[in-house]
Amino acid sequence: MSNIDGKIVLITGASSGIGEATARLLAAQGATVVLGARRLQQLEKRVAEITEAGGVATCRALDVTRREDVQAFVDFAEQRFGRVDVIVNNAGVMPLSRLDALKLDEWNRMIDVNIRGVLHGIAAGLPLMQRQRSGQFVNVASIGAYAVSPTAAVYCATKYAVRAISEGLRQEVGGDIRVTLVSPGVTDSELADSISDEGARAVMRDFRRIAIPAEAIARAIAYAIEQPADVDVSELVVRPTASPY
Ligand SMILES: NC(=O)c1ccc[n+]([C@@H]2O[C@H](COP(=O)([O-])OP(=O)(O)OC[C@H]3O[C@@H](n4cnc5c(N)ncnc54)[C@H](OP(=O)(O)O)[C@@H]3O)[C@@H](O)[C@H]2O)c1
């Protein structure tokens, strides 16, 4: 029996890409997975597929930019299953562009989803995990949490922030609660669809040719979860072998 078996795992951004792959993999390893994102129909399809494959899954629509949605997501899981073992703060957007394009709405969206979304996950789950005296946050950052490149200044800033928040949280809550930062390199998903800027889109199309499958990141998340309770895998960077960045 793996250390994942029987755990209650909440995943934001589970309607596609890394979140979807993580839900599938963890469910196959015996976790009960609770999927959250805005597209409810997509979530319901994922839940049906996991259930069909013999797993246990449920879902709830949420927008991570709304604190009350994230709290309701965590409360729903607690009421249904009695506890929450892991929250994977994975939802994210990446509308890349140069700063001089002044796409302020997109900057704000990245700040709201990528930073506030993670903080809302922490705010919703931390009191419960402290009461339980156990739990784990897995925050999904990026290789953009370690280096900046043109068109990615704001995206990278949000991911540097997720890295800083994760490390601060780890230092404050260590003892009972584990904190893991997982930073993917270019990975096959819908992420680049949020780029409205033509130039950034073209560069990204080229860059994404070496993308690794979302399952590669799901395996890293599973690795961090399956460790014994006294082992905290604090940071994992997972990128294509061919990636220079
Ligand atoms: N793919 C890569 O190359 C790569 C590299 C580094 C880091 N990452 C990070 O990996 C994470 C997952 O992205 P992905 O690559 O799997 O991309 P994806 O396929 O686009 O998935 C993003 C997920 O986030 C959800 N989401 C977006 N805005 C949301 C909101 N306001 N509230 C709730 N959910 C929201 C989307 O669902 P709905 O649209 O249904 O809400 C979707 O399920 C992100 O944090 C991303 O920054 C990805």
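As the structure lists them, so they are numbered: ligands from 1, and atoms in each ligand from 1.
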Measuring from atom [atom1] of [X] to atom [atom2] of [Y], what distance do you get when rounded to the nearest 0.5 angstrom?
{"X": "Asp197", "Y": "Glu106", "atom1": "CG", "atom2": "CD", "result": "8.0 Å"}
{"X": "Arg163", "Y": "Ser234", "atom1": "CZ", "atom2": "OG", "result": "12.0 Å"}
{"X": "Glu226", "Y": "Lys7", "atom1": "CD", "atom2": "NZ", "result": "9.5 Å"}

What atoms of ligand 1 come closer than 4.0 angstrom to any heavy atom of [X]?
{"X": "Ala14", "result": "43 (O)"}
{"X": "Ser142", "result": "6 (C), 7 (C)"}
{"X": "Arg208", "result": "1 (N), 2 (C), 3 (O)"}
{"X": "Val186", "result": "3 (O)"}
{"X": "Val113", "result": "28 (N), 31 (N)"}
{"X": "Ala37", "result": "34 (N), 37 (O), 38 (P), 40 (O), 41 (O)"}
{"X": "Ser15", "result": "36 (C), 37 (O), 38 (P), 40 (O), 42 (C), 43 (O)"}

Ser194 and ligand 1 - part of the residue with a heavy-atom distance under 4.0 Å: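 Looking at Ser194 and ligand 1, no heavy atom falls under 4.0 Å.
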Location of contacts on Glu20 toward ligand 1, heavy atoms closer than 4.0 Å: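 For Glu20, there is no contact with ligand 1 at all, from either part.
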Top protein contact for [atom], by heavy-atom distance:
{"atom": "atom 1 (N) of ligand 1", "result": "Thr187 O, 3.0 Å"}
{"atom": "atom 16 (O) of ligand 1", "result": "Ile18 N, 2.8 Å"}
{"atom": "atom 33 (C) of ligand 1", "result": "Leu62 O, 3.4 Å"}
{"atom": "atom 8 (N) of ligand 1", "result": "Tyr155 OH, 3.7 Å"}
{"atom": "atom 14 (P) of ligand 1", "result": "Ser189 OG, 3.4 Å"}
{"atom": "atom 39 (O) of ligand 1", "result": "Arg38 NH2, 2.8 Å"}
{"atom": "atom 21 (O) of ligand 1", "result": "Ser16 OG, 3.3 Å"}
{"atom": "atom 31 (N) of ligand 1", "result": "Asp63 OD1, 2.9 Å"}

Determine whether [X] and [Y] fall in the same hydrophobic cluster, where Ile, Leu, Val, Met, Phe, Trp and Tyr are linked whenever their side-chain heavy atoms lie under 4.5 Å apart.
{"X": "Met129", "Y": "Leu119", "answer": "yes"}
{"X": "Leu169", "Y": "Val74", "answer": "yes"}
{"X": "Val203", "Y": "Leu191", "answer": "no"}
{"X": "Val70", "Y": "Ile122", "answer": "yes"}

Residue pairs passing the salt bridge (Lys or Arg N to Asp or Glu O under 4.0 Å) test where at least one lies in residues 183-195, sequence neighbours excluded: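 Non-adjacent pairs meeting salt bridge (Lys or Arg N to Asp or Glu O under 4.0 Å): Arg39-Glu190.
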Closest non-hydrogen atom pair between Asp85 and Gly6, with its separation: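 Closest approach of Asp85 to Gly6: OD2-O, 4.2 Å.
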Can you find an N or O of [X] that's nearer than 3.5 Å to an N or O of ligand 1?
{"X": "Leu191", "result": "yes"}
{"X": "Gly19", "result": "no"}
{"X": "Asn90", "result": "yes"}

Cationic N near anionic O, under 4.0 Å, Arg24 to Glu215: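 Salt bridge between Arg24 and Glu215, a charged N being under 4.0 Å from a carboxylate O: no.
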Min heavy-atom dist [X] to ligand 1 below 4.0 Å:
{"X": "Ala141", "answer": "yes"}
{"X": "Gly117", "answer": "no"}
{"X": "Lys159", "answer": "yes"}
{"X": "Val140", "answer": "yes"}

Salt bridge (Lys or Arg N to Asp or Glu O under 4.0 Å) between Arg38 and Asp63, intermediate numbers included: CA-CA 6 Å; Arg38 291 164 306 172; Asp63 182 334; 5.4 Å; no
Backbone N/O of Val179 and side chain of Asp232: donor-acceptor pair under 3.5 Å: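 At least one qualifying donor-acceptor pair exists.
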Donor-acceptor pair, side chain of Arg178 and main chain of Gln227, under 3.5 angstrom: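 Answer holds: yes.
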Polar contact flag, side-chain donor to acceptor under 3.5 angstrom, Ser16-Gln42: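 Result is no, nothing qualifies.
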Ser189 side chain near Arg208 side chain, heavy-atom distance below 4.5 Å: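 Of all side-chain heavy-atom pairs linking Arg208 with Ser189, at least one is under 4.5 Å.
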Proximal candidate to atom 22 (C) of ligand 1 [heavy atom criterion; set Gly92, Ala214, Gly17]: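 Looking at heavy atoms only, the winner is Gly92.
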